[in-house]
Amino acid sequence: MRYDLVIFDNDGVLVDSEPISNRLLAGYLTELGHPTSYEDSLRDYMGAAMHRVHDLIQERTGRRLPEDFDDVFHGRVFAAFEQDLEPVPGVVGVLEKLAADGVPYCVASSGSHERIRVGHRKTGLDRWFDDGRIFSSEDVGRGKPAPDLFLHAAGRMGVAPEKCVVVEDSPLGVRAAVAAGMDVYGFTAMTPAARLSGATHLFATMGELADLLV
């Protein structure tokens, strides 16, 4: 194994949540008078912490989102997760292999701790991620594309950045990993390869990832 730590993004990499959350985000923003398509949401917000939604809306319109925006949005997302969320196909096999080989891994997500845990409980991934392996943008001052979250995760796991590889599916996440001085493997299941052009390697299935990690 060429790395001492594998850092997984969560949404779209561990749990198949991006279609659910971006559909709901687009709908809610449109409902509030900020017309947003599903494709717009993927382009602008996929992989981002919630503060990016607030920042972009205010920058573009001069208007602030409601104070309860995050609570309402997360309530809708969590309800949908309970109905529809599944693990990304093949990711359990990757986790099994890492665990069997004794390779350290963790998750570093733009989502809140609550969002990560709700998704992991629903999909059964909670068996692979105890509290010591879960890191959220809530833990740092700036979310992706800043490198802070990945550097925080590496530091807490006791691994130098150059010994880490990040598994990401968003342009913002790839930029954050590169800024952190880490290799990054870009997952192209939902994101066109051209938008992940800064990645060290690209892969389309979790079977390919398992081969890349050995």
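Note that the structure is a prediction, hence the values are computed from the model and not measured.
By the 4.5 Å heavy-atom criterion applied to side chains, Y45 and S21 are not counted as neighbours. In this structure the side chain of V88 reaches within 4.5 angstrom of the side chain of M206, judged on heavy atoms. For the pair V107 and L14, the minimum side-chain heavy-atom distance is below 4.5 Å. Counting heavy atoms from C-beta on, the side chains of V6 and L98 come closer than 4.5 Å. Proximity of I7 to F150: side-chain heavy atoms (C-beta onward) are separated by under 4.5 Å at one or more points. Between E39 and R43, the closest side-chain pair of non-hydrogen atoms is not below 4.5 Å. Side-chain contact between T123 and F81 is absent, with no heavy-atom pair separated by less than 4.5 Å. The shortest side-chain heavy-atom distance between V15 and H120 falls under the 4.5 Å cut-off.
Taking each heavy atom of A146 and A176 in turn, the nearest pair found is O-CB, 3.4 Å. Here the closest heavy-atom approach between residue C164 and residue A160 is recorded as SG-O, 3.4 Å. Closest approach of P161 and A180 over heavy atoms only: CB-O, 3.4 Å. The minimum heavy-atom distance between L149 and K144, with the atom names listed, is CD2-CE, 4.0 Å. Taking all atoms of both residues into account, the shortest heavy-atom contact from G111 to I116 is O-CD1, 3.9 Å. Taking all atoms of both residues into account, the shortest heavy-atom contact from G47 to L172 is C-CD1, 4.3 Å.
Using a 4.5 Å cut-off between side-chain heavy atoms of Ile, Leu, Val, Met, Phe, Trp and Tyr, with links allowed through other members, V94 and F129 fall into the same hydrophobic cluster. Under a hydrophobic clustering in which Ile, Leu, Val, Met, Phe, Trp and Tyr are joined whenever their side-chain heavy atoms come within less than 4.5 Å, directly or via other members, L213 and M182 fall into different clusters. L24 and I57 fall within the same hydrophobic cluster, where Ile, Leu, Val, Met, Phe, Trp and Tyr residues are linked whenever their side-chain heavy atoms come under 4.5 Å apart, directly or through other members. Two different hydrophobic clusters hold V178 and V167 under the rule that ILVMFWY side chains link at heavy-atom gaps under 4.5 Å. Hydrophobic clustering, with ILVMFWY side chains joined whenever heavy atoms are under 4.5 angstrom apart, groups L25 together with V72.
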Q.
Run the side-chain hydrogen bond (donor to acceptor under 3.5 Å, both in side chains) test on D139 and H113 for me, step by step, so that the C-alpha distance in whole Å, both residues' side-chain angles and the decisive distance to 0.1 Å come before the verdict.
A. CA-CA 9 Å; D139 303 331; H113 280 281; 2.8 Å; yes

Q: Start with the C-alpha gap between R142 and D148, add the side-chain angles, then the distance that decides, and say whether salt bridge (charged side-chain N to carboxylate O under 4.0 Å, His left out) holds.
A: CA-CA 6 Å; R142 299 180 299 166; D148 304 37; 3.0 Å; yes

Q. Taking it one step at a time, do L5 and V165 satisfy side chain to side chain contact (heavy atoms under 4.5 Å, CB included)?
A. CA-CA 7 Å; L5 178 66; V165 62; over 6 Å; no

Q: Kindly indicate, with the supporting measurements, whether the criterion side chain to side chain contact (heavy atoms under 4.5 Å, CB included) is fulfilled by D16 and D84.
A: CA-CA 9 Å; D16 194 16; D84 301 321; over 6 Å; no

(Q) Run the side chain to side chain contact (heavy atoms under 4.5 Å, CB included) test on F8 and L209 for me, step by step, so that the C-alpha distance in whole Å, both residues' side-chain angles and the decisive distance to 0.1 Å come before the verdict. (A) CA-CA 12 Å; F8 290 95; L209 176 62; 4.2 Å; yes

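Ring geometry, F69 versus Y28: the interplanar angle falls under 30°, so the pair is classed parallel (tilted spans 30 to 60°).
In this structure, the side chain of T200 engages the main chain of V184 through a donor-acceptor pair within 3.5 Å. In this structure, K122 contributes its side chain and L85 its backbone to a donor-acceptor pair below 3.5 Å. Remark: side-chain polar atoms of S110 are not paired, donor with acceptor, to backbone N or O of S137 under 3.5 angstrom. Of the possible polar contacts, none joining the S197 side chain to the R195 backbone as a donor-acceptor pair under 3.5 Å is found. With T188 contributing its side chain and F203 its backbone, the two residues share a donor-acceptor pair below 3.5 Å. Judged by distance alone, with hydrogens and angles left aside, the side-chain atoms of Y105 form a donor-acceptor pair with the main-chain N or O of W128 at under 3.5 Å. A donor-acceptor pair under 3.5 Å is absent between the side-chain atoms of H34 and the main chain of T30, judged by distance alone. Judged purely by atom type and a 3.5 angstrom limit, R175 has no side-chain atom pairing as donor or acceptor with the backbone of S170. Checked by atom type and distance alone, the side chain of D101 never pairs as donor or acceptor with a backbone atom of V103 at under 3.5 Å.
In this structure, CG on D211 lies 12.0 Å from NE2 on H201, to the nearest 0.5 angstrom. Put simply, CZ on F187 and CG on L196 are 10.5 Å apart, with the number rounded to the nearest 0.5 Å. Remark: C106 SG to F135 CZ distance equals 5.0 Å, nearest 0.5 Å. The CZ atom of R76 lies 15.0 Å from the CD1 atom of I20; values are rounded to the nearest 0.5 Å. Remark: F73 CZ to L32 CG distance equals 11.5 Å, nearest 0.5 Å. Atom-to-atom distance recorded for D55:CG and M50:CE is 11.0 Å, nearest 0.5 angstrom.
Around the CZ atom of R156, the shell of radius 6.0 Å holds no more than 12 heavy atoms that belong to other residues, nucleotides or ligands. Residue R64 qualifies as open at atom CZ: its count of foreign heavy atoms under 6.0 Å is 12 or below.
A donor atom on one side chain and an acceptor atom on the other are found under 3.5 Å apart for D183 and Y3. Judged by distance alone, the side chains of T191 and D169 never bring a donor and an acceptor atom under 3.5 Å apart.
Using a cut-off of 4.0 Å between Lys/Arg side-chain N and Asp/Glu carboxylate O, R115 and D70 are scored as not salt-bridged.
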